[in-house]
Protein chains: 2
Amino acid sequence: MRGVDKNDVPSVTVPRLALYLRKLRELRARGVERVSSKDLAEMIDLNAAQIRKDFSYFGEFGTRGVGYEVPVLVDEITRCLGLDHTWNVVIVGAGLLGTALARYRGFTEQGFRLVGMFDSSASVIGARFGTGEDSRVRSVHELDEFCRRERVDIAMITVPAGEAENTVRRLGAAGVKAILNFAPLKVHAPEGVLVRQVDLSSELMSLSFYLDKEQE
Amino acid sequence: MRGVDKNDVPSVTVPRLALYLRKLRELRARGVERVSSKDLAEMIDLNAAQIRKDFSYFGEFGTRGVGYEVPVLVDEITRCLGLDHTWNVVIVGAGLLGTALARYRGFTEQGFRLVGMFDSSASVIGARFGTGEDSRVRSVHELDEFCRRERVDIAMITVPAGEAENTVRRLGAAGVKAILNFAPLKVHAPEGVLVRQVDLSSELMSLSFYLDKEQE
DNA sequence: GAATGTGAATTTATTCACAGCA
DNA sequence: TGCTGTGAATAAATTCACATTC
């Protein structure tokens, strides 16, 4: 990003940019040409100043008195998020969840290219996960070498909890720079590797807390 | 909760309680009897005062100079999160993701009981999703009546984006009080219904942002 | 002595409110 | 006039630091 120090961007702004982007793409698809921060704020149930401030960390994308051009904003946010180039992604763990992720659309659409899928179980190794001839589940034994050779950027891991820590370590050693962990435990992030936790049971527990609250 | 006003609990504390609970259960399973906030903080990479403050919204669970009894803490947090009773859960959308969620363990373990699964496609209606004889995918036509009759508390929806909004409305009208939405769009929450978004592509986009940052 | 529980200090995030520009 | 962009004000969350208790 031209002259933007990303360390100055609040961490809560980043997921919101993703939210804006999705809504803006929807608007663009519907042929909407312009939008004001107020309009957008109403659509996604947020404060308008919040939206303007979030944009302001990256530049001035709008026109005073007018608003924002939807296609311009889509492009700008796409760039802000680093989605203007392709990221190589692998999935480790070809169980039900891994397979569901592999089929997830809105995936290649956003510049994420699923280049490999790995499992330790002989019963799934060799199974197809995509359309190409090389879209077959590989043995985890190949994981390290593959990640290095194919310059894998991001890994999503859906392995059992007991294997998660070890998998993360191997991925880190193989040069993978970011990991999305679906295993239900917080793994230790190797030096220089960004690890994010996606945690279903944690989400359910939060719901439970607020449900409980209502019943008081 | 005896005398605790849950509105005084910061919203960020809730997901952390879930995090503590998981680690504490792990410690209990390993036979660890006591833990200090400092120990726990190191294990999950957090500030120790943060942990103590989080607990303090609910009561005094520890002993000064000593620390916390692991089993006591597990029970207390379980109660704080409303996990000391059972919640009835349905899944709407029996695709790959829905099926993966249905098989997810650590589900019944935490007091969530999957009582029904729904889909609109004739090709999956009637398919088994669990062990019981009534664990079969039902038609979405039965959704409203089922949720009312079975007093469903929570729904997880994994339907296509285009059907999400309508599904949420129906669930709300049928008395479902909390929804975990896996469809890739922010749905409008009906009055009195708690909706939480689980968004894979948003997580990936965040990773992309920080990856991009490193390359500067 | 050791570790909790908590006010006070600090940092971070949100919202207000308005100057500046089309 | 209308809406952006942004300092200033407010609110929320985190961390410090220490009095308190075992």
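Convention: sequence-line order gives letters A, B, ...; per-chain numbering from 1. Note that the structure is predicted; figures quoted are calculated from it, not measured.
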Of all pairs that satisfy ring pair (Phe, Tyr, Trp, His ring centres under 6.0 Å), the ones with a partner from residues 162-198 of chain B, not counting sequence neighbours: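 Ring pair (Phe, Tyr, Trp, His ring centres under 6.0 Å) check on residues 162-198 of chain B returns no pairs.
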Ring pair (Phe, Tyr, Trp, His ring centres under 6.0 Å) contacts touching residues 14-47 of chain B (sequence neighbours left out):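 Counting only pairs at least two positions apart or across chains, the ring pair (Phe, Tyr, Trp, His ring centres under 6.0 Å) contacts touching residues 14-47 of chain B are B:Tyr20-B:Phe55.
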Any donor-acceptor N/O pair, A:Asn88 side chain to A:Glu150 backbone, under 3.5 Å: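 Yes; at least one donor-acceptor contact below 3.5 Å.
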Residues which pass salt bridge (Lys or Arg N to Asp or Glu O under 4.0 Å) with [X], listed by chain and number, not counting sequence neighbours:
{"X": "A:Arg64", "answer": "none"}
{"X": "A:Glu145", "answer": "A:Arg149"}
{"X": "B:Glu42", "answer": "B:Lys38"}
{"X": "A:Arg34", "answer": "A:Glu69"}

May I have the distance from [X] (atom [atom1]) to [N] (atom [atom2]), rounded to whole angstrom?
{"X": "B:Ile51", "N": "C:dA3", "atom1": "CD1", "atom2": "P", "value": "14 Å"}
{"X": "B:Leu73", "N": "C:dA3", "atom1": "CG", "atom2": "C1'", "value": "14 Å"}
{"X": "B:Lys38", "N": "D:dA17", "atom1": "NZ", "atom2": "C1'", "value": "16 Å"}
{"X": "A:Asp54", "N": "C:dA13", "atom1": "CG", "atom2": "P", "value": "11 Å"}
{"X": "A:Phe55", "N": "D:dG5", "atom1": "CZ", "atom2": "P", "value": "9 Å"}
{"X": "B:Asp8", "N": "D:dA11", "atom1": "CG", "atom2": "C1'", "value": "15 Å"}
{"X": "A:Glu60", "N": "D:dT4", "atom1": "CD", "atom2": "C1'", "value": "8 Å"}
{"X": "A:Leu40", "N": "D:dC3", "atom1": "CG", "atom2": "P", "value": "14 Å"}

Neighbours of DNA chain C within residues 26-37 of chain A, by heavy-atom distance under 4.0 Å: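 Heavy-atom contacts with DNA chain C come from no residue of residues 26-37 of chain A; none.
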Short side-chain N/O contact from A:Tyr57 to OP1 or OP2 of C:dA13, under 4.0 Å: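 Checking C:dA13 against A:Tyr57, no side-chain N or O comes under 4.0 Å of OP1 or OP2.
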Side-chain N,O (B:Tyr68) to OP1/OP2 (C:dG5) below 4.0 Å: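 For B:Tyr68, the contact criterion (side-chain N or O under 4.0 Å from OP1 or OP2 of C:dG5) is met.
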Protein-to-nucleotide contact annotation, 5' to 3' order, nucleotides 15-22 of chain C [B base; S sugar-phosphate only; - none; under 4.0 Å, heavy atom]: BBB--BBS
All pairs passing side-chain hydrogen bond (donor to acceptor under 3.5 Å, both in side chains) where residues 165-176 of chain B contributes a residue, at least two apart: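 Listed by first then second residue: B:Asp144-B:Arg170, B:Asn166-B:Arg169.
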Residue pair B:Asp39 / B:Ser36, side-chain donor-acceptor N/O under 3.5 Å: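 Result is yes, a qualifying pair exists.
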Sugar-phosphate only, base, or nothing, as touched by B:Ser11 at under 4.0 Å among non-hydrogen atoms: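 Since only primed, P, OP1 and OP2 atoms lie under 4.0 Å of B:Ser11, the category is sugar-phosphate.
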